[in-house]
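Just the heavy atoms: all of them, side chains too, but no hydrogens, waters or symmetry mates, feed the values below. By convention in this document, chain letters (A, B, ...) are assigned in the order of the sequence lines, proteins followed by strands, and residues within each chain are numbered from 1.
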Number of protein chains: 2
Amino acid sequence: MSAITTALTDWEHVQPPAARRLLTGAIAAFAERGYQATTTRDIASRAGMSPAALYVHYSSKEKLLFEISLYGHKAALDVLSSVEGSTPTERLQAMVSAFTVWHAEHHTVARVVQYELAALSPDHLAEVATYRRSISALMEKVLADGVSAGTFQVDDLPGTALALLSLSIDVARWYSPARQPPEALGSLHAALALRMVQA
Amino acid sequence: MSAITTALTDWEHVQPPAARRLLTGAIAAFAERGYQATTTRDIASRAGMSPAALYVHYSSKEKLLFEISLYGHKAALDVLSSVEGSTPTERLQAMVSAFTVWHAEHHTVARVVQYELAALSPDHLAEVATYRRSISALMEKVLADGVSAGTFQVDDLPGTALALLSLSIDVARWYSPARQPPEALGSLHAALALRMVQA
DNA sequence: GTCTATAATCTGATAGAC
DNA sequence: GTCTATCAGATTATAGAC
């Protein structure tokens, strides 16, 4: 597990602890009810503080969302880019599996990353959009490699890449830990993905 | 096109016209910014009315959301259940294609249907949940039929059915008419779906 | 760095005239 | 059935004491 992925798991890089409590409280609240339905009082009370204390650590509610979204996007990109494998087949399976596992394991953060983009300021949205384009590019690259090698047969490359990402991203919408372990879901999606593109 | 699907396209069954203008305005607003970020003033002004006029036609903002969500769920179920085909292969392709086309063509309503469930009251959520279970059951049925007939090979039936639905549902998240016609996307998804389950 | 208190604004919804 | 006016409460954010 890379440094950034480990960091996302415990958020220990967010200092001081009060700022971390606010951030993890905000993640839980945003994932549960959405950004707009979450109040600063709600976030502060989850962190055991008064509403005013939030503004010592974050200049606004939107800035808190941005911190979560930015770090979440970095972690999601890291998960895809740190995959290893000597063939396109191996890499595609590892990518789809890891991306699905991440969306299941971190489904609260993933929900904020995937469904609260509209609440970001234009500047902040532009910044996370660069990470989103990198994620799409990685998926398109492995498909192109497989086509070149003759192991994949893909008619619509951008469309197929988007469909593969959809499979993992949509996990954030419905996943609940009670349903199944993330790894089982990752294996299923990796197998389905391979069948979708195999020559 | 069945009666309910035609009706969803123009909402002519919503009477009087003032109620319809409020409802279509609410769909646009909810899809654009989400339910919580949309104000009753916003909805009313899109319909060319004062905020107070909304309450002559709908008893609350949540009731308006429920009307949209309920009818949207009915239409989505209708799209899946009115599919024809003599073999599981034909029916699966037609179902995935039609479900994807519906989510692209009606991506504003679909966004409300798929992403605003948390804003519904417990009673209203329970009512739309019955439609959601029917949708899942239809997808699981066609897979089971294909397995029985020997044309499909499916290891995890509920998981694969959910993955197939995900492919279409996630369209509501990213679709923009500028990107591609709904039918092209439907064909792509139908082809990918078939490869996912073919024996 | 946290608190209490509060400013300034916005929210869903209602009252009553026309 | 639509309007203007408004209520009662909630919202983000700030001021100033400790």
Side-chain angles (χ1 to χ4, degrees), chain A residues 11-69 112 116-125, chain B residues 11-69 112 116-125:
Chain A
W11 297 96
E12 266 186 15
H13 65 108
V14 180
Q15 289 292 347
R20 183 161 68 246
R21 291 205 313 276
L22 285 165
L23 191 121
T24 55
I27 291 168
F30 292 164
E32 206 176 299
R33 328 158 174 237
Y35 173 81
Q36 300 283 355
T38 299
T39 68
T40 51
R41 278 166 179 75
D42 185 9
I43 297 166
S45 81
R46 282 177 197 249
M49 291 179 215
S50 74
L54 187 152
Y55 294 91
V56 173
H57 302 282
Y58 299 95
S59 59
S60 72
K61 184 182 152 191
E62 192 272 342
K63 189 76 193 306
L64 191 41
L65 171 67
F66 174 59
E67 293 291 336
I68 296 164
S69 189
V112 180
E116 302 296 343
L117 293 173
L120 290 168
S121 73
D123 282 3
H124 288 162
L125 177 60
Chain B
W11 297 94
E12 267 186 16
H13 65 109
V14 179
Q15 288 292 348
R20 184 161 66 247
R21 290 206 312 275
L22 286 164
L23 191 122
T24 55
I27 291 168
F30 292 164
E32 205 175 300
R33 331 159 172 236
Y35 173 81
Q36 300 282 356
T38 300
T39 67
T40 52
R41 281 162 181 78
D42 185 10
I43 297 166
S45 81
R46 281 179 198 247
M49 288 179 217
S50 74
L54 187 153
Y55 294 90
V56 173
H57 302 283
Y58 300 94
S59 58
S60 72
K61 183 182 153 189
E62 191 273 341
K63 189 76 194 308
L64 191 42
L65 171 66
F66 174 59
E67 293 291 336
I68 296 165
S69 189
V112 179
E116 301 297 341
L117 292 172
L120 290 168
S121 73
D123 282 3
H124 288 162
L125 177 60

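In the set C:dG1, C:dA13, D:dG1, the nucleotide with an atom closest to the side chain of B:His57 is D:dG1. Picking from C:dT4, D:dC3, D:dA13 the nucleotide with the shortest atom distance to the side chain of A:Arg41 gives D:dA13.
The CG atom of A:Leu54 sits 15 Å away from the P atom of C:dT4 (whole-angstrom rounding). Distance B:Leu64 CG to C:dG12 P: 11 Å, rounded to the nearest Å. When rounded to the nearest whole Å, the span between CE of B:Met49 and P of D:dC3 equals 7 Å. Atom pair A:Gln36:CD and D:dA10:P shows a separation of 19 Å (rounding to whole Å applied). Distance CG (A:Asp42) to P (D:dT12): 9 Å, rounded to an integer number of Å. Rounded to whole Å, the distance from OH on B:Tyr55 to C1' on D:dA5 is 15 Å. If you take NZ of A:Lys61 and C1' of C:dT9, they are 15 Å apart, rounded to a whole angstrom. Going from atom OH of A:Tyr58 over to atom C1' of C:dG1 covers 14 Å, rounded to whole Å.
Here the straight-line distance linking atom CG of B:Leu65 with atom CD of B:Glu116 works out to 6.5 Å at 0.5 Å rounding. Between B:His57 atom NE2 and B:Lys63 atom NZ the span is 13.5 Å, to the nearest 0.5 Å. In this structure, the separation between OG1 on B:Thr38 and CZ on B:Arg46 is 7.0 Å, given to the nearest 0.5 Å. Atom OH of residue A:Tyr35 and atom CG of residue A:Leu117 lie 13.0 Å apart, to the nearest 0.5 angstrom.
Across all strands, B:Ala52 comes closer than 4.0 Å to base atoms (heavy-atom distances). When heavy atoms are screened at a 4.0 angstrom cut-off, A:Thr39 is found touching the sugar-phosphate backbone but no base atom. B:Thr38 comes within contact range of the sugar-phosphate backbone alone, with a heavy-atom separation under 4.0 Å but no base atom that close.
Counting only distance, with no hydrogens or angles, the side chain of A:Glu62 and the backbone of A:Ser121 share a donor-acceptor pair below 3.5 Å.
Phosphate contact (OP1/OP2 of D:dT12, side-chain N/O of A:Thr40, threshold under 4.0 Å): present.
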